[in-house]
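One structure is given here, and the rest of the page talks about it.
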Amino acid sequence: TCVEPSPEYMAVYNEVMKLESFHALAHDAQLLAMFRRLIGEEVLVHPRNIARIIFPQNELYTTPAHQDWIHVQGTPETYTAWIPLSDCPQSLGSLAVLVGSHRFGIFPTHRAYGAGGRGIDTEGLGLTWAGSDFYLGDVLVFHSHTVHKALPNKDPQRLRLSVDFRYQGASQPITPGSLLPHFAQVTWEEVYARWRSTELQYYWQKFPLNVVPFDPDHPGRRDA
């Protein structure tokens, strides 16, 4: 099952959560322009931005095959931008996607190690995994129903650093957890305490949001 991060890890992670530059990257003008074309309406950037700090030689906790919608819910038309923060060859643990998997709805899941704590058995689906080396400046974008996974970080010394940012139409439903800092161990007041600008603080409150409940008992979250 998913193991909770250690207090030492969370102490570092919470400092990352407070970085203005980390949150500002999700609002990059080129990213927003792309998502406006893709989504076809005003874009809502999820405030729950995620950093991935993946240690080497820790393959058991490699992120398993999964679909983001299970953890995010709200509208299925949510898109993730996965961005490596350095060159990221496959040996460092880049991402792979199951080609065409977004067309088949929500797959049954099972308990698993790694981020999210739930995985998907992809054997027998007749679909092909696609992966690649990534380079600084690359962005991988996929739908919330797309099955994807991390490759194990086999580098003996290097961390794999990346971010997950999520985007949806501003008129579409969103769940409360997507409006909180990731892991919810710090408040927005703590996040914003050392920021120089107020432009991106509580920016989502300008939208008439359609906030809907998160369903922890959704069938996709039960053991297959």
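Just so you know, these numbers come straight off a predicted model, no measurement behind them.
If you take OG1 on T146 and CG on D68, they are separated by 8.5 Å, rounding to the nearest 0.5 Å. Atom NZ of K149 is separated from atom NE2 of H66 by 12.0 Å, given to the nearest 0.5 angstrom. Of the inter-residue distances, the one linking H46 atom NE2 with T80 atom OG1 reads 8.5 Å to the nearest 0.5 angstrom. Atoms CH2 and CE, from W188 and M17 in turn, are 8.0 Å apart once rounded to the nearest 0.5 Å. Residue Q172 holds its CD atom at 8.0 Å from CG of N210, rounded to the nearest 0.5 Å. Taking OG1 of T63 as the reference point, atom CG of L151 lies at 10.5 Å (rounded to 0.5 Å).
The side-chain heavy atoms of L92 and R158, taken from C-beta on, include a pair separated by under 4.5 Å. Counting heavy atoms from C-beta outward, V97 and L140 have side chains that approach closer than 4.5 Å. Side-chain contact between P56 and Q157 is absent, with no heavy-atom pair separated by less than 4.5 Å. Looking at Y13 and I50, their side chains come closer than 4.5 Å, going by heavy atoms from C-beta outward. Taking 4.5 Å as the limit, some side-chain heavy atom of V147 sits within range of a side-chain heavy atom of T122. Contact annotation: the side chain of I83 never approaches that of D138 to less than 4.5 Å [non-hydrogen atoms, C-beta and beyond].
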Test log, rule side chain to side chain contact (heavy atoms under 4.5 Å, CB included), inputs L161 and R52:
CA-CA 6 Å; L161 301 175; R52 302 293 188 194; over 6 Å; no
What's the verdict on side chain to side chain contact (heavy atoms under 4.5 Å, CB included) for I106 and Q67, showing C-alpha distance, side-chain angles and the deciding distance?
CA-CA 8 Å; I106 299 300; Q67 295 169 295; 4.0 Å; yes
In sequence, state the C-alpha distance, the side-chain angles, and the governing distance for V139 and Q30, and then conclude on side chain to side chain contact (heavy atoms under 4.5 Å, CB included).
CA-CA 11 Å; V139 180; Q30 293 183 73; over 6 Å; no
Would you please test F55 and D155 for side chain to side chain contact (heavy atoms under 4.5 Å, CB included) and show each step?
CA-CA 9 Å; F55 285 82; D155 191 288; over 6 Å; no
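Grouping the Ile, Leu, Val, Met, Phe, Trp and Tyr side chains by contacts below 4.5 angstrom, directly or via other members, places F183 apart from I70. Cluster annotation: I174 is connected to Y203 through the hydrophobic network of ILVMFWY side chains, with a link wherever side-chain heavy atoms come within less than 4.5 Å. Put simply, L25 and Y135 are part of two different groups of oily side chains (I, L, V, M, F, W, Y) that touch within less than 4.5 Å, one to the next. Criterion: ILVMFWY side-chain heavy atoms under 4.5 Å apart, direct or through other members. Under it, L209 and Y167 are part of a common hydrophobic cluster. V45 is connected to V211 through a chain of hydrophobic side-chain contacts under 4.5 Å among Ile, Leu, Val, Met, Phe, Trp and Tyr, so both are in one cluster.
For E199, the CD atom is loosely surrounded, since the number of other residues' heavy atoms within 6.0 Å does not exceed 12. Within a 6.0 Å sphere centred on CD of E15, other residues, nucleotides and ligands contribute more than 12 heavy atoms.
Scanning for ring-ring contact (aromatic ring centres under 6.0 Å, His included) contacts around H143 gives Y79, H145, with sequence neighbours left out. For P84, the side-chain contact (heavy atoms from CB on, under 4.5 Å) partners two or more places apart in sequence, or in a different chain, are W82, C88, F134. T62 is linked by a side-chain contact (heavy atoms from CB on, under 4.5 Å) to E59, A150, P152, counting only residues two or more places apart in sequence or in another chain. For F104, the side-chain contact (heavy atoms from CB on, under 4.5 Å) partners are F107, L127, not counting sequence neighbours.
In terms of modelled atom types and a separation under 3.5 Å, the side chain of S144 and the main chain of P76 share a donor-acceptor contact. Remark: side-chain polar atoms of T75 are not paired, donor with acceptor, to backbone N or O of T78 under 3.5 angstrom. Not a single donor-acceptor pair under 3.5 Å links the side chain of T198 to the backbone N or O of Q201.
Ring centers of W195 and Y192: under 6.0 Å apart, within the cut-off. Taking the six-membered ring for Trp, W69 and H218 have ring centres closer than 6.0 Å. The aromatic ring centroids of F165 and H27 lie 6.0 Å or more from each other.
Judged as a side-chain hydrogen bond (donor to acceptor under 3.5 Å, both in side chains), not a single pair has a partner in residues 85-103 (not counting sequence neighbours).
The minimum heavy-atom distance linking V191 with P181 is given by the pair CG2-CG, 4.3 Å. Contact between H148 and F142 at its shortest, heavy atoms only, is CE1-CE1, 3.3 Å. Heavy atoms only, all atoms of each residue included: T175 and Q73 are closest at CG2-CB, 4.0 Å. Across every non-hydrogen atom of A24 and L200, the tightest pair is CA-CD1, 3.7 Å. Nearest heavy atoms, V72 versus R166: CG2-NH1, 3.5 Å. Across all non-hydrogen atoms, the minimal contact from Q185 to N14 is OE1-ND2, 3.5 Å.
For the residue pair S178 and R48, a side-chain donor N or O sits within less than 3.5 Å of a side-chain acceptor on the partner.
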Anything under 3.5 Å between a donor and an acceptor, one on a side chain of residues 31-41, the other on a protein residue two or more places apart or in another chain? List them.
| unit_1 | atom_1 | unit_2 | atom_2 | d |
| --- | --- | --- | --- | --- |
| E41 | OE1 | A170 | N | 3.4 |
| E41 | OE1 | S171 | N | 3.1 |
| E41 | OE1 | S171 | OG | 3.0 |
| E41 | OE2 | S171 | OG | 2.9 |

